[in-house]
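When a residue number appears, it is its place in the shown sequence, counting from 1.
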Amino acid sequence: MGITTTAAADRKGKERHELSRDSSAKRNSKPRKGRRRQKKMLPIQRLYDTCREVFAESGTNIIPSPQDIERLRAVLDGIGPEELGLTPDKPYFRTSVTQRHPTITYLHLCECDKFSMGIFCLPPSGVISLHDHPGMTVFSKLVFGTMHIKSYDWAVHDPNTSAANSSHTVPPGVRLAKVKVDSNFTAPCDTSILYPSEGGNMHCFTAVTACAVLDVLGPPYSDPDGRHCTYYHDYPFARFSVAGVSVPEEERDKYAWLEEREKPEELAVVGAMYEGPMFVEN
């Protein structure tokens, strides 16, 4: 796939060069050395270069500027399976009848202390359990397939939440959260973005069909820097009755109680070699 992409870029560059040469010959106004062919940058290289710039000052709870966020979103929106060398017939998009919980494959692209890039490949019914992204800004691009995304933000701005979070009537580690997203998404679709305290910082991915998600994290997980991945159970709002906390009946499905848990045993993620177009890490 990388050779094909490069060849296509070369052909386009050659066509532009020939057109320029013909026009210049007629005008006889430009020196020949000024008509050198420009090689088109691969989308994956543009993504890497943009990440380096956008996350140059990355750190816990540091959010890129709105202009940088839109710039990176635009680059990701332009990436499809062809730009990554992905096709649904890859072995990691298939399920095995012997597996109770489908295995998820992670294709590592790069990671530094400022950002990371990688692709999650999910077979049908594959699930990435509900987890958080502490102090991080995360871009998720659904490359192909259909996926159900459910995400939450802590309900810290709700006037009734403080009572719940300080009450002894809920188990330790249980907090009230508000649903941000609970929908199916089918590629091609817009890149989703979550932030340290909004945008659906806790989310769960469920593959409706085989699908792939390109993830960019800035900064990446780091236990020494306090960015540890925490997993959660989610319970309906009615699960706990807390004095002083009330939500209208018609809005209760917009809230849930999240309880910290250990990494789920059913979550199996294995690594595999990325075989798509390459980029240069400067």
Side-chain angles (χ1 to χ4, degrees), residues 1-24 30-59 62-88 90 105-121 136-145 185 187-194 211-220 271-282:
M1 185 60 70
I3 296 176
T4 302
T5 303
T6 303
D10 286 345
R11 287 196 299 271
K12 291 179 181 178
K14 184 176 181 180
E15 292 168 358
R16 289 194 297 269
H17 174 66
E18 293 297 333
L19 178 60
S20 175
R21 184 177 64 181
D22 292 342
S23 299
S24 296
K30 292 184 180 181
R32 185 177 299 277
K33 65 180 181 180
R35 302 194 300 272
R36 293 177 181 173
R37 180 175 60 193
Q38 297 296 319
K39 190 173 182 179
K40 185 178 180 181
M41 180 182 290
L42 292 174
I44 191 67
Q45 184 68 57
R46 183 177 296 108
L47 174 60
Y48 174 78
D49 291 347
T50 304
C51 285
R52 284 191 64 222
E53 296 171 0
V54 169
F55 294 114
E57 305 299 325
S58 180
I62 297 178
I63 302 174
S65 70
Q67 295 80 6
D68 280 341
I69 286 174
E70 289 307 312
R71 185 155 61 100
L72 181 51
R73 186 210 297 265
V75 173
L76 283 163
D77 282 346
I79 293 179
E82 298 84 3
E83 285 75 27
L84 300 172
L86 289 177
T87 56
K90 296 285 187 182
T105 302
Y106 181 72
L107 309 180
H108 173 79
L109 296 179
C110 73
E111 180 171 337
C112 62
D113 61 346
K114 298 295 185 182
F115 69 93
S116 67
M117 295 164 42
I119 306 168
F120 286 97
C121 303
M136 300 153 66
T137 301
V138 179
F139 295 72
S140 297
K141 166 63 176 178
L142 183 61
V143 180
F144 73 81
F185 294 83
C189 56
D190 293 340
T191 300
S192 64
I193 307 173
L194 62 84
C211 56
V213 182
L214 172 57
D215 254 10
V216 174
L217 284 61
M273 183 70 69
Y274 170 67
E275 299 175 343
M278 298 305 296
F279 56 92
V280 178
E281 297 187 41
N282 299 319

Distance-minimising heavy-atom pair for Asp49 and Met41: OD2-CE, 3.7 Å
Glu53 vs Asp68, side-chain contact (heavy atoms from CB on, under 4.5 Å): CA-CA, chis, key distance, verdict: CA-CA 8 Å; Glu53 296 171 0; Asp68 280 341; over 6 Å; no
Aromatic plane relationship, Phe55 with Phe139 - under 30° parallel, 30 to 60° tilted, over 60° perpendicular: perpendicular
side-chain contact (heavy atoms from CB on, under 4.5 Å) between Glu281 and Cys110, intermediate numbers included: CA-CA 9 Å; Glu281 297 187 41; Cys110 73; 3.8 Å; yes
Over all atoms of both residues, closest heavy-atom pair of Pro277 and Ile44: O-CG2, 3.6 Å
Note, Leu107 side chain near Leu86 side chain (heavy atom, < 4.5 Å): yes
Close side-chain approach of Lys90 to Cys121, heavy-atom, < 4.5 Å: no
Minimal non-hydrogen separation, Gly218 against Ser58, with atom names: C-OG, 3.5 Å
Which residues share a ring-ring contact (aromatic ring centres under 6.0 Å, His included) with Phe144, sequence neighbours left out: Phe93
Considering all heavy atoms, the nearest Pro220-Asp113 contact: CD-O, 3.8 Å
Shortest non-hydrogen contact between Gly145 and Leu142, atoms and distance: O-CD2, 3.5 Å
Partners passing ring-ring contact (aromatic ring centres under 6.0 Å, His included) against Phe279 (at least two apart in sequence or in another chain): Tyr48
CA sep, side-chain torsions, deciding dist, call: Ile193, Leu72, side-chain contact (heavy atoms from CB on, under 4.5 Å): CA-CA 10 Å; Ile193 307 173; Leu72 181 51; over 6 Å; no
Leu76/Thr50 under side-chain contact (heavy atoms from CB on, under 4.5 Å): CA gap, chis, key distance, verdict: CA-CA 10 Å; Leu76 283 163; Thr50 304; over 6 Å; no
Lys141 side chain vs Cys189 backbone, donor-acceptor pair below 3.5 Å: yes
Donor-acceptor contact present, side-chain Glu83 to main-chain Gly80, <3.5 Å: yes
Thr191 backbone acceptor or donor facing Asp77 side chain under 3.5 Å: yes
More than 12 heavy atoms from other groups under 6.0 Å of CD on Glu57: no
